[in-house]
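Every value quoted in this text rests on a predicted model; they were computed, and no experiment measured them. Quick note on labels: first sequence line is chain A, next is B, and so on, each numbered from 1.
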Amino acid sequence: MVVTLNKQIILKIILLTIVIGASSCSSVRVTNESVVEEGVRGVTISKKAPETQAILANATVYFEYDSSRLTSKSIQTLKGLISVLENNRNLDIVLEGHADERGTREYNLALGQRRAESVAAYLLSNGVSRSQLKTISYGEERPAALGSNNASWAKNRRVEIK
Amino acid sequence: MTKSFISICIFFSIFSSAELLLEITQGSDNPINLGIYEISNQEKEHSLIKNIIQNDLIRTGEIKFIEGIDIVPLPENEEEFNYSGWKILGLDYVVIPSIKNPDKNSIEYRYRVFDVSRKREVRSSTVFGLSSNLRQVSHYASDGIYEAITGIEGVASTKLLYVNEISLKNEKSYRLMVSDVDGYNERTLLNSPEPIISPAWSPKGDKVAYVSFETGIANVYIQDLATGDRESILEQNTQISSPAWSPDGKYLSLTLYQDGNAEIYLLRLRDKTLTRLTNHYSIDTEAIWSPRGNKILFTSGRSGSPQLYEISLRGLRSKPKRITFEGTYNAKGLYLPDANGNIFVHRAKSGSFHIALKYKRENFIRILTEARLDESPSVAPNGNMVVYAISDDNKAKLAILSLNGARFVLPSSQGVVREPAWSGFVR
């Protein structure tokens, strides 16, 4: 494969050289140029103090690879959450979607969002008010477990309820 | 010749070790032989420049250096170059340099390129620069020499943008960095405690766009390189990501999540008007503009797995056309600069993720890399090289491959390096 490419490039080079050779028969290409070096100024963002959160039994639900479908185990977890939310109508929660490291970062950001929306849809269909929910995604940027293996990946495909 | 060209390691031990190093893992089977003359009265200054030029050209994977060409003396008379002497040494091209220092702070580097087989001078150029910035002067000369030899514009003077993640104890920090393509001249554009992803260059190379999670939610920012001025491009309470500039610099394509799902929009920067491009219940993201700006390539899950689709910007109701069919994961596509093909991330049957290339005229894909989790390809503006991230067990580093078979790794000395973006031409 690489060899095929190599031939193509070399052929391209030969062709281009011939074109240049023919078009500029006895003339030397003469150029003058000045180096432009742009200055660069950096920016630093300082860490914000962690916000105090409403105390709620933090729960996490897990997903299959490249899927945002709720498993029966996830539904069990969410049923417990529904009663808490119904009894505390002024409690707001954030559904934070995550993905494992496989695949591209932007696709995983979108996948994490789908997982969060999937949890939101289940809660809404069970009487939770939309105004109590906020969905966000961190994609693969905040893994719960490090390591490139099935066990870590399974822990990272999740929605954290905060 | 082939064997000797493989596994060459270059150590820039005299330079800062905090910057990226370069390691060549593979070279072309059939390189062009080039020699550069010394400058007898300015050996010290020139050896630095010569070293940088040689490394730039070796990195293309197409050029090999012949040492000791000074054995063929340069003639007193301009008309009597010893082409047959050069031919005996196996040289295809010869560079004769000279240096002038018009004042203490400036330098004029002149280089003349000779084609040995055609027995003629093919280029005579002078690069004007500052003595404090010899690396840039050298990169400009490399690009001119490469162009004189191959007819293709060189990319040694272009830049890389990338994300560097550093873990200190339990604290993570994320830096958006810019460097020369050889990893030197590394500078920090943004230093944040929250993740940064998807950096992108403006067509002129004076600005960058990126996604930052600094407010706790993904948002897109544009930052001016020289001034450090930055702005969030849209204030929304839902996340925004995946910025890409149109070739004319007037639009930014974005992924917005305002209905909960990833959809692609075009933002006109002049007045911040949004035009929706996709409308599907599956994921649509990673939009990128064709070189002429008349098409958008994007990743969509609408077939049940991530695949690349192309949509024309001409005509109001043009339908996305699927362009990848091999395998169940093809994402983060980009165009070759001549639009003759696309490069993207492809998942193999083994489950590994590789960088792949598909030429328009071919109905099969070419796998270009072989690590386990390769991602984030970005193509050089001359179309000859691709930079990408090798990410495995949280040890991400950047690698550059040339489409003719050369491969280099740019390891970072601190933390992980990923999400590279190759600038356009800067010369």
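- Contact of B:Ser192 with chain A is made through backbone and side chain together, with heavy-atom distances under 4.5 Å.
- B:Thr299 and A:Glu106 form no side-chain donor-acceptor contact under 3.5 Å, judged by distance and modelled atom types alone.
- Between the side chain of B:Arg372 and the backbone N or O of A:Ser148, at least one donor-acceptor pair lies under 3.5 Å.
- Contacts classified as ring pair (Phe, Tyr, Trp, His ring centres under 6.0 Å) and involving residues 100-129 of chain A (residues at least two apart or in different chains) are given here: A:Tyr107-B:Tyr329.
- With sequence neighbours left out, A:Thr31 forms a side chain to side chain contact (heavy atoms under 4.5 Å, CB included) with A:Arg29, B:Arg123, B:Ser125.
- Side-chain contact between B:Gln239 and A:Gln113 is present, with at least one heavy-atom pair separated by less than 4.5 Å.
- When A:Ala116, A:Gly42, A:Ser68 are compared by the number of non-hydrogen pairs under 4.5 Å with chain B, A:Gly42 comes out ahead.
- Interface residue A:Thr44: backbone and side-chain heavy atoms are both found under 4.5 Å from chain B.
- Using a 4.5 Å heavy-atom cutoff, the side chains of A:Ile45 and B:Asn191 are not in contact.
- What you find for B:Phe213 and A:Leu109 is that their closest heavy atoms are CZ-CD1, 3.7 Å.
- Atom OH of A:Tyr65 is surrounded by more than 12 heavy atoms from other residues, nucleotides or ligands within 6.0 Å.
- Both the backbone and the side chain of A:Arg102 come within contact range of chain B, each with at least one heavy atom under 4.5 Å from a heavy atom of that chain.
- Of the two parts of A:Asn32, the backbone and the side chain both hold a non-hydrogen atom closer than 4.5 Å to a non-hydrogen atom of chain B.
- B:Asn237 is not listed as a side-chain neighbour of A:Lys134, based on a closest heavy-atom distance of 4.5 Å or more.
- If you tally non-hydrogen atom pairs under 4.5 Å between each of B:Thr227, B:Ile217, B:Leu130 and chain A, the highest count goes to B:Thr227.
- Closest approach of B:Ile283 and A:Ala110 over heavy atoms only: CG2-CB, 3.4 Å.
- For chain A, the option among B:Val345, B:Val122, B:Thr255, B:Leu176 with the highest count of heavy-atom pairs below 4.5 Å is B:Val122.
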Before you tell me yes or no, could you show the steps for B:Leu189 and A:Val40 under side chain to side chain contact (heavy atoms under 4.5 Å, CB included), namely the whole-Å CA-CA distance, both residues' side-chain angles and the distance that decides it to 0.1 Å? CA-CA 7 Å; B:Leu189 297 180; A:Val40 160; 3.3 Å; yes
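- For A:Ser46, the part lying near chain B is the backbone, with the side chain staying farther off; criterion is any non-hydrogen pair under 4.5 Å.
- Between the side chain of A:Glu33 and the backbone N or O of B:Phe128, no donor-acceptor pair lies under 3.5 Å.
- Contact detail for B:Ser391 and A:Glu101: the closest heavy-atom pair is OG-OE1, 4.2 Å.
- No other option in A:Glu141, A:Arg105, A:Glu117 has as many heavy-atom pairs under 4.5 Å with chain B as A:Arg105.
- Counting only heavy atoms from C-beta outward, the side chains of A:Val35 and B:Gln136 approach each other to under 4.5 Å.
- When all heavy atoms are compared, the tightest approach of B:Pro306 to A:Asp66 is CD-OD2, 3.7 Å.
- For chain A, the nearby part of B:Arg230 is the side chain; its heavy atoms alone come within less than 4.5 Å.
- Counted within 6.0 Å of CZ on A:Arg89, heavy atoms from surrounding residues, nucleotides or ligands total more than 12; the atom is thus considered enclosed.
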